[in-house]
2 protein chains.
Amino acid sequence: MHKPTIEDVAKRANVSIATVSRVINRQGGVRQKTEARILAAIEELNYIPNAVARSMVKKTTNTIGIIIPDVNNPFFPTVVSGIEQKAREKGYFTFLCNTNESADTERELLTILLERSVDGLIITTADEAGDQLQTVMDAKIPVVAVDRAIKKFEVDTVLVGNVDGAYQATRHLILQGHKRIAIICGPQNTTPGYERFVGYKRALDDYGIPVVQEYVLEGDFKEESGRRLTKQLYQLPERPTAIFSSNNLMTVGCMKALYELDWKLGEEVSFIGFDDVDIATFVNPPLTVVSRPMRKLGEVAFEMLYERMTEGWDGAKRHYVLSPELKIRQSCRLK
Amino acid sequence: MHKPTIEDVAKRANVSIATVSRVINRQGGVRQKTEARILAAIEELNYIPNAVARSMVKKTTNTIGIIIPDVNNPFFPTVVSGIEQKAREKGYFTFLCNTNESADTERELLTILLERSVDGLIITTADEAGDQLQTVMDAKIPVVAVDRAIKKFEVDTVLVGNVDGAYQATRHLILQGHKRIAIICGPQNTTPGYERFVGYKRALDDYGIPVVQEYVLEGDFKEESGRRLTKQLYQLPERPTAIFSSNNLMTVGCMKALYELDWKLGEEVSFIGFDDVDIATFVNPPLTVVSRPMRKLGEVAFEMLYERMTEGWDGAKRHYVLSPELKIRQSCRLK
DNA sequence: CTGAAAGCGCTAACAT
DNA sequence: ATGTTAGCGCTTTCAG
């Protein structure tokens, strides 16, 4: 009464296991009648091929690992669903792992994925330095970095134009007459955090507006920091007339703070955020944001990985940069 | 230059592979000195045990499958993170699969999970009848149903009190003096959809309020239906003074409709939703909701599954019902 | 305390 | 067109 194996099927159909294997894998070269008999046996026994055994001999699992730093940030699930859709189409399955921004957790997960012999890895690392990827590189497993680059190793990378997006956002504010523009930055040791600041600075520079230290605050990309820093901005003797928030979660925190402070969005303070958020159209007035093609990011990532996995392509690593888009709603008003 | 195997380690440490296996699995009975030598070899070779090979002989993969119907509904990712945390603690890994409410997709996914020999399955099925689970039952894999029961088979089940929650919500509205209370139902062929309607009806009955057909609308648990049905309600010659929405996504749709219709929340129409939503505190006034212990749901589900997997416990199937909680904010006003 | 050897279920030569 | 057989990397008796 055990799970039926290929041997059970073979016996029942009066053929060898090799022949059964041939029909399971649609390799052809099996007589119609024989095939029919085998198919019938499979049906009768409810036989389901054992993928573990197959992986054992083929040395490939048709499984990829996905590592993201924060499941609670809706950005990542969206990217992941882009990856998964493409993966499923190609017959790949995914292990989705969350590091909570911890480099140690990332290290552990990497080991587990290696043990499980994933065929490839898509990662938004918690530590851009990248030493933790040494084992993966040793194992010669294809890797694609998403949203955050890896310093130590050359790997395929897919990013959005952070500098570009932040520049557009800041310029939008400037063109409306704002001069006292604050930025709530992400961690400056991460690519997105740093680059978005660069875009902000570049726009100010281009329009001859000095960067004021009090208006440049560093958060951690989490909601609470957005809230705290907005309050800090409010305390300033000379309040900014506009705020640029570097990511979605901090934007949510900002909104909560504005509400608590009764600091009137759109009237007393203009606002623009990096990344579109669910709440964007529920606050009043709706938020102008820099939006990223999140699903697309995931789709591109899988496609790059797929090429490496199948073609064993060992060419130069590629950097793919997608363009962000300014979605103008009503949270920015003429100054 | 291939991936090092247990044999490479054995050679290097001058022992047999059996001994290496013993130390990898911490089975003891190996002399200190030998063990040290083996550990050193492992270290030097960067040896990582191959989980596929292990699964092959142990006939267990330490992997469970999770099937959910809709990744875009934030309810499920939250449940999933509850499952995953517990799973990780016990050394289990998860395959997360999304059916998009399609019974066919669910069938396919089930087959894949079976091929991959998952040790257990946690599922919120797209088809409560449950015929598609036949193969899983045949394979004698432990199953836990979450949020939706399975009719055809006895399996461990963890739910929240849908009737209870809907009853509380409706009563809350009634006690504020509302009599014209509309409900936006979920699909009546699903447990949550049906039970929530039952709770609504029971409350009306208990307080002697007749159920008016025009006020009972059936949506599909997706955002757009919430929006459409709210508009339908607005067209009624005698509009309801309160609306009860049966799930989070439809609540979002409702809010959009209210905004578009300029139907004043809290003033012209009171509102209460099943499930807490991110936007609940961003709309004005903030939404009163029935909230469910989502993470807990996942945690309980894994724990039940774990018992079955490890103890091979074959006792009676259990039904675990968690209690919902009314979170009173400000979207319901005295009539 | 350690080793030899028999599989786990399947694929992929190589024969026939 | 089909069968035989040698592994894949590991765990687990069973012997020493």
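Order of the sequence lines sets the chain letters (A, B, ...), proteins ahead of strands, with each chain counted from 1. Side chains included, hydrogens not; waters and symmetry mates left out as well; all remaining heavy atoms used.
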request  = In whole angstrom, give the distance that lies between atom CG of B/D8 and atom P of D/dC8.
outcome  = 11 Å
key: Main-chain N/O of A/A13 paired with A/R37 side-chain donor or acceptor, under 3.5 Å   = yes
task = Describe the nucleic acid contact of A/T5 in one word from base, sugar-phosphate, nothing, applying a heavy-atom distance below 4.0 Å.
result = sugar-phosphate
note = Exactly one of A/R318, A/K86, A/R308 clears salt bridge (Lys or Arg N to Asp or Glu O under 4.0 Å) with A/E303, and that residue is A/K86
inquiry  = Just to be sure I understand the geometry, which residues of residues 50-61 of chain A put a non-hydrogen atom under 4.0 Å away from DNA chain D?
reply    = A/M56, A/V57, A/K59
note = In whole angstroms, the gap separating P of C/dT2 from CD of B/Q27 amounts to 13 Å
request  = Take atom NZ of B/K3 and atom P of D/dC8, then tell me their distance rounded to the nearest Å.
outcome  = 15 Å
ask   = Within the side chain of A/Q132, is there an N or O that forms a donor-acceptor pair under 3.5 Å with the backbone of A/D127?
value = yes
message = In this structure, how many angstroms lie between the P atom of C/dC10 and the CD1 atom of A/I42, rounded?
response = 10 Å
key: Main-chain N/O of A/R107 paired to A/T111 side chain as donor or acceptor, under 3.5 Å   = yes
task = Kindly compute the distance separating OG1 (B/T61) from CZ (A/R116), expressed to the nearest 0.5 Å.
result = 6.5 Å
key: Length of the NE2-P vector between B/H2 and D/dC10, whole Å   = 10 Å
query = Can you tell me if A/N25 uses its side chain to pair, donor with acceptor, with the backbone of A/Q27 under 3.5 Å?
reply = no
What are the atom names and distances for every N/O pair under 3.5 Å that joins the protein to nucleotides 2-5 of chain D?
unit_1	atom_1	unit_2	atom_2	d
D/dT2	OP1	A/T34	OG1	2.4
D/dT2	OP2	A/R31	N	2.7
D/dT2	OP2	A/T34	OG1	3.3
D/dG3	OP2	A/S16	N	2.6
D/dG3	OP2	A/S16	OG	3.3
D/dG3	OP2	A/T19	OG1	2.9
D/dG3	O6	A/R22	NH2	2.5

remark   = Partner of A/F76 under side-chain contact (heavy atoms from CB on, under 4.5 Å), picked from A/V71, A/T124, A/V146, is A/T124
message = Just the rounded figure in Å: distance from C1' of C/dC10 to CD1 of A/I48.
response = 16 Å
query = Rounded to the nearest Å, what distance is computed from the NZ atom of residue A/K11 to the C1' atom of nucleotide C/dG9?
reply = 13 Å
request  = Could you state the atom-to-atom distance from CD1 of B/I6 to P of C/dA5 in whole Å?
outcome  = 17 Å
ask   = Under the criterion side-chain contact (heavy atoms from CB on, under 4.5 Å), which of A/L305, A/L133, A/L114 is the partner of A/I141?
value = A/L114
request  = Indicate the ring-plane relationship of A/Y92 and A/Y306, choosing parallel, tilted or perpendicular according to the 30° and 60° boundaries.
outcome  = perpendicular
